[in-house]
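Scroll down for the structure; my scribbles are underneath it.
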Amino acid sequence: MATQQQRSEATRALLLKAFRAAFLKHGLDETTTQYVLKQTGLSKGAMYHHFRSKNDIVEALFADESRRAIARAIDRVDKNAPPLEQLRTACLEWTQEVRTPSVSKILFEIAPSALGPQRAKEIENAISLKHIEALLDQAIAAGDLKSRDPKLIAAFLNALVAEAALHTLRTRKDSAEALGDAIDGLFNAFQP
């Protein structure tokens with residue numbers, strides 16, 4: 001028998017899944033709470049128990065989508081490789097992840113439109129920067145990078161990766177080679 005917490009988590013997951021499908025099918029503006037509640041069979045009370053507004057739902061969906069894309073990219077990294085190689089591979093893999101139309105629509109269209117680009121960036125940074133900083137710290141500890149400001153280096157790298165992904169989505173041209181070169185250049189600039 002499921003506990004109250006398990007039922008609550010299942011309801012939240014159902015709402016996020018239903019809103020995700022509706023946003024992808026109908027867009028942000030055309031997706032209504034009534035439509036999603038009808039699809040799920042849930043009440044307004046159940047929804048408002050988990051989310052205060054449609055923007056709260058978008059924020060949760062964006063964070064979830066971001067975490068899952070990063071996790072899939074990290075899963076394809078050789079954990080035995082040196083930290084900088086792991087980081088380089090994870091960045092390149094993430095740009096592949098966000099090419100998936102549903103992922104890119106959530107991360108680059110729906111969420112920034114609903115939340116504003118600044119809030120979307122804050123959420124993305126909170127999720128992605130910790131992974132980047134952890135690998136940079138390992139590279140510094142191993143003597144592969146100078147111990148300058150790892151947070152600034154992480155911000156540079158995060159910006160490079162995001163811009164490469166956006167460029168690829170806008171132009172439909174693969175930016176992996178240029179991104180790889182840019183990452184290598186950044187790492188070379190901070191060699192001991």
Side-chain angles (χ1 to χ4, degrees), residues 1-77 79 89-134 158-159 161-172 174-175:
M1 189 164 157
T3 66
Q4 177 60 30
Q5 181 177 352
Q6 289 169 326
R7 287 190 299 273
S8 181
E9 288 170 4
T11 299
R12 185 179 191 281
L14 177 61
L15 284 164
L16 287 176
K17 182 178 178 181
F19 269 99
R20 182 183 191 277
F23 289 145
L24 292 172
K25 184 175 181 180
H26 303 291
L28 178 66
D29 294 334
E30 300 299 316
T31 297
T32 65
T33 300
Q34 283 181 306
Y35 173 81
V36 172
L37 292 177
K38 185 176 178 183
Q39 297 297 308
T40 61
L42 294 171
S43 68
K44 278 187 180 182
M47 187 188 81
Y48 287 119
H49 175 75
H50 295 281
F51 304 104
R52 293 182 315 251
S53 66
K54 191 173 172 182
N55 273 6
D56 278 356
I57 294 165
V58 173
E59 192 167 307
L61 180 61
F62 178 70
D64 184 58
E65 195 76 43
S66 182
R67 275 188 210 93
R68 288 187 295 128
I70 290 168
R72 288 188 302 268
I74 290 172
D75 282 347
R76 292 193 294 271
V77 170
K79 305 302 186 263
T89 301
C91 290
L92 293 171
E93 291 294 337
W94 182 83
T95 61
Q96 295 300 314
E97 275 300 318
V98 299
R99 286 183 179 191
T100 305
S102 60
V103 175
S104 67
K105 190 167 185 171
I106 298 290
L107 295 181
F108 297 115
E109 292 176 35
I110 292 170
S113 176
L115 306 173
Q118 184 60 36
R119 180 63 184 140
K121 184 170 176 47
E122 289 169 4
I123 295 167
E124 176 61 29
N125 285 346
I127 294 166
S128 62
L129 285 177
K130 66 182 174 189
H131 297 289
I132 295 171
E133 288 171 5
N158 204 35
V161 174
E163 286 304 316
L166 287 170
H167 177 77
T168 296
L169 292 170
R170 279 192 302 263
T171 65
R172 308 259 189 252
D174 189 355
S175 62

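Sequential numbering from 1 along the given sequence is applied to the chain's residues. Below, each value reflects all heavy atoms present in this structure, side chains not excepted, and no hydrogens, waters or symmetry copies.
The shortest distance between side-chain heavy atoms of S175 and E163 does not fall below 4.5 Å. Using a 4.5 Å heavy-atom cutoff, the side chains of K121 and P112 are not in contact. Here the side chains of L15 and I57 are not in contact, with every heavy-atom distance at 4.5 Å or above. Between L16 and F51 the shortest side-chain heavy-atom distance falls below 4.5 Å. In this structure, the side chains of E97 and L107 stay at 4.5 Å or more apart for every pair of heavy atoms. Side-chain contact between K105 and L24 is present, with heavy atoms from C-beta onward closer than 4.5 Å.
Taking a 6.0 Å sphere around NZ of K44, one finds it holds 12 or fewer heavy atoms contributed by other residues, nucleotides or ligands. Around NZ of K54, the count of heavy atoms belonging to other residues, nucleotides or ligands within 6.0 Å exceeds 12. When the shell of 6.0 Å around CD of E30 is examined, it contains 12 or fewer heavy atoms from other residues, nucleotides or ligands.
Closest approach of F62 and I106 over heavy atoms only: CD1-O, 4.1 Å. For L169 against V98, the heavy-atom pair with the smallest separation is CD2-O, 3.8 Å. A111 and V58 get closest at one heavy-atom pair: CA-CG1, 3.7 Å. Nearest heavy atoms, T40 versus A18: CG2-CB, 3.3 Å. Pairing each heavy atom of V161 with each of W94, the nearest pair is CG1-CE3, 3.3 Å. Nearest heavy-atom pair across A90 and A73 is O-CB, 3.8 Å.
Every residue two or more places apart in sequence or in another chain that forms a side-chain contact (heavy atoms from CB on, under 4.5 Å) with S43 is listed here: A46. Residues passing the salt bridge (charged side-chain N to carboxylate O under 4.0 Å, His left out) test with E124, sequence neighbours excluded: none. Applying the salt bridge (charged side-chain N to carboxylate O under 4.0 Å, His left out) criterion to R119, with sequence neighbours excluded, gives E59, E122. Listed by chain and residue number, R99 satisfy the side chain to side chain donor-acceptor pair (under 3.5 Å) test with D174 (two or more places apart in sequence, or in another chain). Checked against salt bridge (charged side-chain N to carboxylate O under 4.0 Å, His left out), R170 has no partners two or more places apart in sequence or in another chain. For R20, the side chain to side chain donor-acceptor pair (under 3.5 Å) partners at least two apart in sequence or on another chain are E65, S102.
Taking CG of L28 as the start and CG of L115 as the end, the distance is 9.0 Å to the nearest 0.5 Å. A distance of 11.5 Å separates CZ of R67 from OG of S128, quoted to the nearest 0.5 Å. The CZ atom of F19 sits 8.0 Å away from the OG1 atom of T31 when rounded to the nearest 0.5 Å. Rounding to the nearest 0.5 angstrom, the gap separating the CE atom in M47 from the OG1 atom in T33 is 4.0 Å. Here E9 contributes atom CD and L14 contributes atom CG; the two are 13.5 Å apart, rounded to the nearest 0.5 Å. For the atom pair CD (Q39) and CG (L42), the distance works out to 11.5 Å, reported to the nearest 0.5 Å.
Panel note: side chain T11, backbone R7; a donor-acceptor pair is recorded below 3.5 Å. A donor-acceptor pair under 3.5 Å is formed between the side chain of S104 and the backbone N or O of P101.
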Task: side-chain contact (heavy atoms from CB on, under 4.5 Å) evaluation trace for K79 with I74 - done: CA-CA 9 Å; K79 305 302 186 263; I74 290 172; 3.8 Å; yes

